[in-house]
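What follows is one structure encoded as structure tokens, with my remarks underneath.
A note on names: the letters A, B, ... follow the listed sequences, proteins ahead of strands, and every chain is numbered from 1. As the structure is a prediction and not an experimental result, all values here were calculated from the model.
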There are 2 protein chains.
Amino acid sequence: MSGLRVRGLLALSATALGAYYLGSRTERLQQSSDVFPRLPGLPTFGTVSAASLVASNVNLTATPSRISEIMKFGFPGLDNVRSHSDYVLSYDRRNRIPHWVFEHLTAESVAKNDSVDRSKCDFKPDESIHPFFRSQNTDYRKSGFDRGHMAAAGNHRLHQKHCEETFYLSNMAPQVGQGFNRDAWNSLEMHVRKLTKSYSNVYVCTGPLYLPHKEDDGKMYVKYEVIGSNTVAVPTHFYKVIVGEAADHKLHMEAYVMPNKVISNDTPLNVFQVPPETVERAAGLLFFDQINRNQLASINGRKV
Amino acid sequence: MSGLRVRGLLALSATALGAYYLGSRTERLQQSSDVFPRLPGLPTFGTVSAASLVASNVNLTATPSRISEIMKFGFPGLDNVRSHSDYVLSYDRRNRIPHWVFEHLTAESVAKNDSVDRSKCDFKPDESIHPFFRSQNTDYRKSGFDRGHMAAAGNHRLHQKHCEETFYLSNMAPQVGQGFNRDAWNSLEMHVRKLTKSYSNVYVCTGPLYLPHKEDDGKMYVKYEVIGSNTVAVPTHFYKVIVGEAADHKLHMEAYVMPNKVISNDTPLNVFQVPPETVERAAGLLFFDQINRNQLASINGRKV
């Protein structure tokens with residue numbers, strides 16, 4: 001049928017595995033690309049080029065084994081997943097920011113590495129997102145908000161490409177800069193990196209929340225700003241849910257929720273700890289769902 | 001590994017195909033059900049019981065052929081999809097209401113049928129949704145809002161079971177009752193059913209929107225009420241995007257957005273027509289993405 005459009009081809013190698021798992025590359029392509037025959041069936045499978053298979057030896061593409069490693073304890077959700085070479089992301093097309101990002105850190109991957117230069121990384125639109133839902137640098141300009149990394153640049157120091165891939169705008173959400181992104185939130189990111197000193201493997205899921213509040217009429221409302229011509233959502237809060245795997249293979253969980261506003265620098269991190277279930281209910285996600293919570297050694301530092 | 005939980009088993013037959021396509025049944029199960037071995041791999045495949053295979057002869061379960069028929073022109077998204085016997089739904093776990101529902105109507109399926117009695121249908125929680133994200137009748141009670149069907153009960157008159165399945169609370173969203181759900185929105189639903197007189201096949205996608213508005217500070221905000229202890233979102237607007245397939249196989253599209261508020265009964269329906277792209281950008285979805293828009297015979301009654 002001539003009216004049918006191409007689906008799934010042209011997947012970038014870096015995102016091909018997201019497509020492989022989830023059919024996430026089935027978005028309607030722009031008219032100019034509409035020159036390929038339709039691929040039948042659902043889900044659509046992505047293509048992995050020969051070049052990317054070679055490159056995978058040095059872990060510069062999203063190899064199946066690396067994705068399995070990052071996502072070892074389960075996907076929080078399955079919506080619009082993109083698998084990058086060192087993190088996995090689910091994109092919220094309505095809000096133009098992530099649902100969640102997943103990272104796997106080790107002492108090695110967060111260690112300072114002179115061959116990786118963050119200053120050479122540019123914030124760039126993610127071409128794998130359909131233009132209707134793609135955020136742009138102009139959306140953030142003069143908004144008063146930082147382009148806040150969900151997968152932190154400082155967590156990906158093994159290769160320049162790993163660092164660069166954290167600069168896709170699909171990995172950003174609008175964050176208050178001074179007092180939050182550059183302060184309290186940054187402290188939380190540093191805390192997560194420090195956990196690699198206690199644990200052989202650290203898994204962290206990060207994302208936005210849109211929490212309700214009560215107004216004078218006694219009713220509950222969700223309210224958040226949207227910025228730019230692409231109406232990029234400014235979340236009210238952000239979360240991190242972390243699992244550390246100790247040398248004895250015991251698993252420890254921590255969960256944090258921070259308001260997207262100026263936070264006094266003398267506020268200790270544990271003020272922001274919450275039961276993981278609280279984040280799950282608010283986010284509409286289930287974290288580390290292949291781990292039985294009762295089998296955890298600790299949650300927020302307390303024995304389970 | 002003893003800490004891993006069961007995934008994907010116990011899928012209800014009615015939702016098994018959603019699981020089949022999308023791995024939507026991978027939610028963590030409650031502790032009491034945690035007695036089965038883990039199923040490896042992603043996505044998880046649902047089970048279809050022998051009983052449901054027999055029943056499928058009379059189209060009382062979600063058969064592959066019926067799902068393909070309903071979704072003929074493409075999935076708007078792939079998040080938490082549930083395939084019922086006569087409609088397909090994507091559930092928004094954060095907002096506890098649908099992302100979208102998809103229906104396929106014919107003159108036969110919407111015709112009055114004395115053997116189908118709507119008054120015998122009860123609003124019921126959808127047990128296939130994880131309890132963290134499941135809306136309850138108590139959430140709506142005293143909220144001032146109707147439990148508004150997304151897949152309309154009146155569109156599913158071939159079998160009592162088809163009608164009953166539209167009463168899952170997962171198919172509901174809070175709607176203003178008098179002046180909207182029982183009036184303007186009902187008129188739109190009747191209009192869609194009437195289209196089966198002009199077209200052999202009518203495909204309709206229905207869902208909520210959360211549209212931003214400008215406030216006095218010059219900034220744009222999304223604001224919506226949430227009701228009940230499960231904080232069920234009250235959308236600001238609802239949409240319907242419709243494709244009618246004529247006897248000559250030409251395709252005609254219509255798209256409507258209505259505010260979730262009292263609408264004067266003398267407002268003509270075409271006031272609510274919008275370009276389909278407008279709904280797509282706002283909803284974060286792509287509708288009928290297997291149809292090339294330029295090959296449509298008409299959009300909102302105008303020749304393409």
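Taking CG of B/Asp79 as the reference point, atom NE2 of A/His99 lies at 5.5 Å (rounded to 0.5 Å). Atom OG of A/Ser143 is separated from atom NZ of B/Lys219 by 9.0 Å, given to the nearest 0.5 angstrom.
Between B/Glu280 and A/Arg93 there is no salt bridge, since none of the side-chain N atoms of the basic residue sits less than 4.0 Å from a carboxylate O of the acidic one.
Contact count against chain B (heavy-atom pairs under 4.5 Å) is highest for A/Leu285 among A/Leu285, A/Leu296, A/Thr231.
The contact between A/Tyr210 and chain B is made entirely by side chain atoms (from C-beta outward), counting heavy-atom distances below 4.5 Å. For a residue to count as touching a neighbouring chain, one of its non-hydrogen atoms must lie under 4.5 Å from one of that chain's; by this rule A/Ala282 touches chain B with the backbone only.
When all heavy atoms of B/Val226 and A/Val222 are compared, the closest pair comes out as CG1-CG2, 3.8 Å. Residues B/Glu277 and A/Phe132 approach most closely at CG-CZ, 3.8 Å, considering heavy atoms. Closest approach of B/Phe133 to A/Arg281, counting heavy atoms only: CE2-CA, 4.1 Å.
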- Message: Let's go through B/Glu225 and A/Lys223 carefully: what are the C-alpha distance in whole Å and the side-chain angles of both, what is the deciding distance for salt bridge (charged side-chain N to carboxylate O under 4.0 Å, His left out) to 0.1 Å, and is it a yes or a no?
- Response: CA-CA 9 Å; B/Glu225 191 178 346; A/Lys223 182 180 181 183; over 6 Å; no
- Task: Verify side chain to side chain contact (heavy atoms under 4.5 Å, CB included) between A/Leu286 and B/His130, making sure each step is shown before the conclusion.
- Result: CA-CA 9 Å; A/Leu286 295 170; B/His130 188 283; 3.7 Å; yes
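Side-chain atoms of A/Arg94 do not come within 3.5 Å of backbone N or O of B/Gly284 as any donor-acceptor pair.
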